[in-house]
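All residue numbers in this chain count up from 1 along the given sequence.
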Amino acid sequence: MAFSTTLPPLLLLSLTTLLSLLPSPTSAQSAPAPGPAGPINITAILVQGGQYTAFLRLLNQTQVLNQLPNQLNNSNQGMTLLAPTDNAFLNLPSGTLNNLSPENKVKLVLYHVLPKYYSLEDLNTVSNPVQTQAGSSKGSLGLNFTGRGNQVNVSSGVVDTQINNALRQQFPFAVYQVDKVLLPAEFSEAPAPEGSSSDSPPVAGKRPAAKGPSADGGDGGDGSSPASNGGGRRVVGGLMGGVLLVCMMFL
């Protein structure tokens, strides 16, 4: 008796359905596509650093804090932020920030932002001057970096300091600590003449009046009244005259 090796149509359909439900080797080995990276929280980075309250206040006051995330999202080169510490702001000359116009405050903050991601190794070998967000691509308001090994220094031409700590060093955003506020050269002021008063500057070509006798016979140089000075000289003269007369009587 011969057996048929042909499967019934219904059984063949069931096997085909089961095989289609099993995962293919290719789909089992493929990794899922990475999801989009979350937004970078600049405030959280600086707060976690613990000593950037003054810089955060200035970032908020100038609205730069709201602009940086948008620029990061629209840039394929990343960004680098140089964050001065609270001590850096305390060491500024008195009234430095208060004397800046709102426009120059924005420029000061953007002077600490590089429109490109730089690792510490990159800053060791970068071509100077490095463009900042405060200047143009031609090099105005740029910064100069020098380094050896793990030590990197930054200079504005007026202020020199060392980059001591990396708060974040991961593309597309790097944040580095600086211990001085980087003041642009155009913000510096010429020193006042030695011995001059800030309230009443000296007039060119005019010499101060010399101390001497006043028109009514008083000295006028030490704040005493002319009458008291003149009376004092008359008393001394009378005493001297009396002493001479007594000496002549005994001769």
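- At a threshold of 4.5 Å between non-hydrogen side-chain atoms, the residues Val130 and Asn144 do not count as touching.
- Counting heavy atoms from C-beta on, the side chains of Asn124 and Arg148 never come closer than 4.5 Å.
- Between the Tyr111 side chain and the Gly142 main chain, a donor and an acceptor come within less than 3.5 Å of each other.
- From Leu59, atom CG reaches atom OG1 of Thr43 across 8.0 Å, with rounding to the nearest 0.5 Å.
- In this structure a side-chain-to-backbone donor-acceptor pair under 3.5 Å is missing from Thr80 to Leu114.
- When each of Thr96, Leu58, Leu92 is tested with Val181 by the rule side-chain contact (heavy atoms from CB on, under 4.5 Å), just one qualifies, namely Leu92.
- Across Phe89 and Ala54, no two heavy atoms sit closer than the pair CD1-CB, 3.7 Å.
- In this structure the side chain of Val152 never reaches within 4.5 angstrom of the side chain of Thr146, judged on heavy atoms.
- Counting heavy atoms from C-beta outward, Tyr117 and Gln169 have side chains that approach closer than 4.5 Å.
- Using cut-offs of 30° and 60° for the angle between ring planes, the Phe55 and His112 rings count as tilted.
- For the salt bridge (charged side-chain N to carboxylate O under 4.0 Å, His left out) condition, the pairs that include at least one residue of residues 104-126, sequence neighbours left out, are Lys107-Glu186.
- The minimum heavy-atom distance between Asn76 and Phe171, with the atom names listed, is O-CZ, 3.7 Å.
- Here the closest non-hydrogen pair linking Ser155 and Gly157 is OG-N, 3.1 Å.
- Formation of a donor-acceptor pair under 3.5 Å by the Ser156 side chain with backbone atoms of Leu183 is found in this model.
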With side-chain contact (heavy atoms from CB on, under 4.5 Å) as the test, would you mind laying out the steps for Leu56 and Val47 before giving the verdict?
CA-CA 8 Å; Leu56 265 173; Val47 169; 3.7 Å; yes
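- Counting heavy atoms from C-beta on, the side chains of Thr132 and Val113 never come closer than 4.5 Å.
- With contacts defined as side-chain heavy-atom distances shorter than 4.5 Å, the pair Leu108/Leu97 qualifies.
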side-chain contact (heavy atoms from CB on, under 4.5 Å) between Ile163 and Val178, worked out:
CA-CA 5 Å; Ile163 295 177; Val178 289; 4.1 Å; yes
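- Atom CG of Asp86 and atom OH of Tyr52 lie 9.0 Å apart (nearest 0.5 Å).
- With contacts defined as side-chain heavy-atom distances shorter than 4.5 Å, the pair Ile42/Pro69 qualifies.
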Met79 vs Leu68, test: side-chain contact (heavy atoms from CB on, under 4.5 Å). Steps then yes/no.
CA-CA 9 Å; Met79 193 173 294; Leu68 291 182; 3.6 Å; yes
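- Pro184 has its side chain out of reach of Val158: every pair of non-hydrogen atoms, C-beta onward, lies at least 4.5 Å apart.
- Between Asn66 and Gln63, the side chains place a donor N or O and an acceptor N or O closer than 3.5 Å (distance only, hydrogens not considered).
- No donor-acceptor pair closer than 3.5 Å links the side chain of Gln162 to the backbone N or O of Gln151.
- Across every non-hydrogen atom of Pro84 and Ala88, the tightest pair is CB-CB, 4.0 Å.
- Annotation: the span from Leu141 atom CG to Leu110 atom CG amounts to 10.0 Å, rounded to 0.5 Å.
- Side chains of Asn87 and Asp179: a donor-acceptor N/O pair is absent below 3.5 angstrom, by distance only.
- Not counting sequence neighbours, the partners of Gln71 by the side-chain hydrogen bond (donor to acceptor under 3.5 Å, both in side chains) test are Gln133.
- Across Ala83 and Leu46, no two heavy atoms sit closer than the pair CB-CD2, 3.9 Å.
- With hydrogens and angles ignored, the 3.5 Å screen pairs a side-chain donor or acceptor of Arg168 with a backbone N or O of Phe173.
- Atom OG1 of Thr62 and atom CG of Asn104 lie 12.0 Å apart (nearest 0.5 Å).
- Side chain of Asn128 to backbone of Phe145: a donor-acceptor contact under 3.5 angstrom is found.
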